[in-house]
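Taking it in order: structure first as structure tokens, then the write-up.
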Protein chains: 2
Amino acid sequence: MDDDKVFRALGDPTRRKLLDLLCEKNGQTLGQLCENLDMARQSATQHLGILEEANLVSTVRRGREKLHFINPVPLHEVYERWVRKFERQRLNLLHDLKKELEGE
Amino acid sequence: MDDDKVFRALGDPTRRKLLDLLCEKNGQTLGQLCENLDMARQSATQHLGILEEANLVSTVRRGREKLHFINPVPLHEVYERWVRKFERQRLNLLHDLKKELEGE
DNA sequence: TTGACATGCAGGTAAATGCTTGCATATTGT
DNA sequence: ACAATATGCAAGCATTTACCTGCATGTCAA
């Protein structure tokens, strides 16, 4: 997995909204997603491309339509490999702060 | 919490590295952090400002120094409020995919 | 086949982003 | 006081980004 692509993809509010839309109803077409987006179709296509690059969305063609499916695996991996590390330190922080203020 | 600020802040690799550095040793000064960054001090200051805006980093002045402390709470909240929602759907996805391919 | 529909491709633009340099301010130790 | 150290402020620049428009391709249905 490419951490950087995932984080970058999540950094844009439109792309997070796309994931939200797919979470509500998975397998939507480009056209369906655009109806909720207030921007040109092509802009949405580009955002979806970035999500696909990050492996957060997979697509399947059905005739002239393109169906979009959310893939939560990279999100889970990011959480496991990156976020949890910081969570574990939560309880130490007050201690660290005290220590520093006392002059280390 | 401001989801957008948190996600944007995490979208940059330098800022994630700063969090990594603070995770290894909490309470570092600006100067200490810069030693590991390969960019001008001022660039690091700007990144730290963005992390602070997102409430991912808190600072305390000690004389002429500025100590930086990581704050994992926003990370945890993002996970709870946003990531978990997608994880819960994991098991449904294969089913959704099948359904769509069969013609909905 | 032909017209309507869904998406793909490519180039252009304005704004945001990341980084820089130069100078200012504030604190420390001698 | 003064020199060294640590950080703050602000303007400038190059790249990236998000958005658009115009045209091309592919698919369906009558």
Side-chain angles (χ1 to χ4, degrees), chain A residues 2-22 25-54 56-69 100-104, chain B residues 2-22 25-54 56-69 100-104:
Chain A
D2 187 334
D3 277 34
D4 191 53
K5 283 187 181 176
V6 175
F7 277 111
R8 273 190 202 283
L10 296 176
D12 181 87
T14 300
R15 291 193 285 270
R16 290 197 301 278
K17 180 163 187 181
L18 281 167
L19 292 180
D20 273 331
L21 290 169
L22 289 178
K25 177 168 167 25
N26 211 12
Q28 293 188 66
T29 67
L30 174 58
Q32 287 175 307
L33 292 169
C34 282
E35 289 171 15
N36 296 287
L37 274 194
D38 193 39
M39 66 176 57
R41 174 182 53 82
Q42 186 51 25
S43 306
T45 300
Q46 286 169 354
H47 284 301
L48 286 166
I50 289 170
L51 288 170
E52 215 172 334
E53 276 281 310
L56 286 161
V57 162
S58 303
T59 60
V60 176
R61 287 212 76 116
R62 186 179 61 186
R64 62 183 162 184
E65 293 176 318
K66 187 171 188 179
L67 308 180
H68 297 79
F69 295 88
E100 283 295 331
L101 288 177
E102 289 163 1
E104 191 164 12
Chain B
D2 187 332
D3 278 32
D4 191 53
K5 283 187 180 176
V6 175
F7 277 110
R8 273 191 203 283
L10 296 177
D12 181 88
T14 302
R15 291 193 285 270
R16 291 197 302 279
K17 179 161 188 183
L18 280 167
L19 292 180
D20 272 330
L21 289 170
L22 288 178
K25 176 166 167 27
N26 210 11
Q28 293 188 67
T29 67
L30 173 59
Q32 287 176 308
L33 292 169
C34 282
E35 287 170 16
N36 296 287
L37 275 193
D38 194 37
M39 66 177 56
R41 174 181 54 84
Q42 185 53 22
S43 307
T45 300
Q46 286 167 357
H47 284 301
L48 287 166
I50 290 170
L51 289 170
E52 214 172 334
E53 276 281 308
L56 285 161
V57 163
S58 303
T59 60
V60 176
R61 289 212 75 118
R62 186 179 60 186
R64 63 185 161 183
E65 293 175 318
K66 187 172 187 178
L67 308 181
H68 297 78
F69 294 88
E100 283 294 331
L101 288 176
E102 287 162 4
E104 190 164 13

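Throughout, a chain's letter reflects where its sequence line sits, starting with A, and its residues are numbered from 1.
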*Rounded to the nearest Å, what distance is computed from the CD atom of residue B:Glu35 to the P atom of nucleotide D:dT5?*
13 Å
*Measure the spacing between CG of B:Leu18 and CG of B:Leu33 and express it to the nearest 0.5 Å.*
6.0 Å
*asked:* I'd like to know if the side chain of B:Gln46 reaches the main chain of B:Ser43, judged simply by a donor and an acceptor atom lying under 3.5 Å from each other, with no hydrogens or angles considered.
replied: no
*asked:* Please check: side-chain N/O of A:Gln28 versus main-chain N/O of A:Leu67, any donor-acceptor pairing under 3.5 Å?
replied: no
*Can you check whether B:Leu56 reaches B:Leu10 side chain to side chain, under 4.5 Å on heavy atoms?*
yes
*Taking salt bridge (charged side-chain N to carboxylate O under 4.0 Å, His left out) as the test, write out the residues that go with A:Arg15, two or more places apart.*
none
*Under 4.0 Å between a side-chain N or O of A:Lys66 and OP1 or OP2 of C:dG8?*
yes
Atom pairs under 3.5 Å, N or O on each side, protein against nucleotides 27-30 of chain C: can you list them with distances?
residue: C:dT27; atom: O2; partner: B:Arg64; partner atom: NH1; Å: 3.2

_Degree of bending in the helix from C:dT1-D:dA30 to C:dT30-D:dA1 once both end axes are built from five pairs, to 10°_ = 30°
*Whole-Å gap separating C1' (D:dT16) and NZ (A:Lys5)*: 16 Å
*Atom pair CG (A:Leu19) and OG1 (A:Thr14), whose distance is rounded to the nearest 0.5 Å*: 11.0 Å
_Contacts of type salt bridge (charged side-chain N to carboxylate O under 4.0 Å, His left out), residue B:Asp4, not counting sequence neighbours_ = A:Arg16, B:Arg8
*For the residue pair B:Gly27 and B:Gln32, what are the closest heavy atoms and their distance?*
O-OE1, 4.5 Å
*So how far is it from B:Thr29 OG1 to B:Arg61 CZ, rounded to the nearest 0.5 Å?*
11.0 Å
_Distance in Å, B:Leu48 CG paired with B:Lys66 NZ, rounded so as to fall on 0.5 Å steps_ = 8.0 Å
*Indicate whether any N or O donor in one side chain lies under 3.5 Å from an N or O acceptor in the other, for A:Glu52 and A:Thr59.*
yes
*Quick one: CD on A:Glu35 to CZ on A:Arg41, what's the gap to the nearest 0.5 Å?*
13.5 Å
*Take nucleotides 16-23 of chain C nucleotide by nucleotide from the 5' end and write B, S or -, depending on whether a protein heavy atom sits under 4.0 Å from the base, only from the sugar-phosphate, or from neither.*
-SSBBB--
_Considering all heavy atoms, the nearest B:Ala44-B:Leu37 contact_ = CB-CD1, 3.9 Å
Below 3.5 Å is the cut-off: list the nitrogen or oxygen pairs between protein and nucleotides 1-3 of chain D, distance only.
none

